[in-house]
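The structure under discussion appears below in the form of structure tokens.
Along the sequence shown, residues are numbered consecutively beginning with 1.
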Amino acid sequence: MPIFFLIVGVLLIVVAVNDKIPELTGLVKEDFKPSGNQPAFPVWIAAIFVIGSLGYIKSFKPVANAFLVLIVISMLLSNAGFFQQFTRAVEGK
């Protein structure tokens, strides 16, 4: 957990130094509101949390793992253009 906060802190420092705070807040706002027929980010987090918490019950662990894999696959293959956005981010555009 401390590593997560360290990464977030470094990210916020880099954003502040580059004076990109309005762009960052715009991106965060877009993540929390639904676009078209796709659910918003909190819906995905809630689904992962509920299924992950079911994984703590030993008899439900294989089923919970299968559902978590299904959620990850559906996030990757959804019509959000993950691969196009990833290649654009890698190219720096």
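Every residue meeting the side-chain contact (heavy atoms from CB on, under 4.5 Å) condition with Val17, not counting sequence neighbours, appears here in chain and number order: Ile13.
Contact between Pro62 and Ser59 at its shortest, heavy atoms only, is CD-O, 3.9 Å.
Clustering ILVMFWY residues whenever any of their side-chain heavy atoms sit less than 4.5 angstrom apart, transitively, puts Val8 in the very cluster that holds Ile21. Grouping the Ile, Leu, Val, Met, Phe, Trp and Tyr side chains by contacts below 4.5 angstrom, directly or via other members, places Leu11 with Phe5. A chain of hydrophobic side-chain contacts below 4.5 Å, direct or via other Ile, Leu, Val, Met, Phe, Trp or Tyr residues, connects Leu24 to Phe4.
Test Val63, Asn65, Val69 against Phe67 for side-chain contact (heavy atoms from CB on, under 4.5 Å) and you get one pass: Val63.
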Please lay out, stage by stage, how Ile71 and Ile48 fare under the test side chain to side chain contact (heavy atoms under 4.5 Å, CB included). CA-CA 8 Å; Ile71 287 175; Ile48 291 171; 3.9 Å; yes

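Annotation: Ile45, atom CD1; neighbour count of heavy atoms from other residues, nucleotides and ligands within 6.0 Å is above 12.
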